[in-house]
Amino acid sequence: DTAVSQTPKYLVTQMGNDKSIKCEQNLGHDTMYWYKQDSKKFLKIMFSYNNKELIINETVPNRFSPKSPDKAHLNLHINSLELGDSAVYFCASSQGTSGKETQYFGPGTRLLVL
Amino acid sequence: GENVEQHPSTLSVQEGDSAVIKCTYSDSASNYFPWYKQELGKGPQLIIDIRSNVGEKKDQRIAVTLNKTAKHFSLHITETQPEDSAVYFCAARKAAGNKLTFGGGTRVLVKP
């Protein structure tokens, strides 16, 4: 199926650990994003990459490091996890950066830090 | 930066009635306004969008209106059905750059 996919779907870990979330899209898009959705459902952008180049970095702690090995993949690595990192993380993709392209979201990764 | 406010935060309607969700934005340079529907356990999915050169857009039971002067836009769902129950998000984006700013979401419950 054509889609934005994320792994894992659920992630439960201890405070202080390091974890990664992977995202892949097979829509042929050149722009990918990471969003964080907190417990109140508020959606906020964290990062955006266009053709493997970082174009948006929304004052996210440097414990979060995105990596884009190619246009179809955008991974998120989180160091020294904290309780406040518990949230649902969504990957999204779109074509182009003119500002009007539809963003397609993945199913989300539910992260729980204990 | 852009700030998008969305109301109400929860909305309960009887099946067959209409539902209206309203959003206001702060940045007059924003010119693209999508609406997303998020079902339980899933990612947001685009249901309709409107650009600043249009005042209204309709797709079957869903319509969106935009008032650029007042900087607000609304989602209208007519003849609601139980499968319309979800969280709905409005968003705004400028022409330059591609950062979407989301509203806080509206949880819609359609009662059979």
Checking A:Gln37 against chain B: side chain, backbone, both or neither under 4.5 Å from a heavy atom?
->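 When you check distances to chain B, only side chain atoms of A:Gln37 fall under 4.5 Å.
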
Let me know if B:Pro34 has heavy atoms under 4.5 Å from chain A in its side chain, its backbone, both or neither.
->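 Interface part for B:Pro34: neither.
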
Determine the minimum heavy-atom distance between B:Gln38 and A:Phe90, stating which atoms define it.
-> NE2-CZ, 3.2 Å

Take atom [atom1] of [X] as the centre, draw a 6.0 Å sphere, and report whether it contains more than 12 heavy atoms from other residues, nucleotides or ligands.
X        : atom1 : value
B:Lys68  : NZ    : yes
B:Gln60  : CD    : no
A:Arg110 : CZ    : yes
B:Glu79  : CD    : no
A:Leu83  : CG    : yes

I need the [X] [atom1] to [Y] [atom2] distance, nearest 0.5 Å.
X        : Y        : atom1 : atom2 : value
A:Thr102 : B:Tyr36  : OG1   : OH    : 6.0 Å
B:Lys42  : A:Phe105 : NZ    : CZ    : 15.5 Å
B:Arg93  : A:Gln103 : CZ    : CD    : 5.0 Å

Is there a chain of hydrophobic side chains (I, L, V, M, F, W, Y, each step under 4.5 Å between heavy atoms) that links A:Tyr49 to A:Ile78?
->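 Same hydrophobic cluster.
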
Can you get from A:Tyr89 to A:Leu54 by hopping between Ile, Leu, Val, Met, Phe, Trp and Tyr side chains that sit under 4.5 Å apart?
->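 Cluster IDs for A:Tyr89 and A:Leu54 match.
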
Chi angles and distances behind the side chain to side chain contact (heavy atoms under 4.5 Å, CB included) call for B:Phe102, A:Lys41 | CA-CA 11 Å; B:Phe102 283 86; A:Lys41 295 290 188 181; over 6 Å; no

Taking B:Gly41, B:Ser9, B:Pro44 one by one, which has the highest count of heavy-atom pairs under 4.5 Å against chain A?
-> B:Pro44

Answer yes or no: is there a side-chain heavy-atom contact under 4.5 Å between A:Tyr35 and B:Leu100?
-> yes

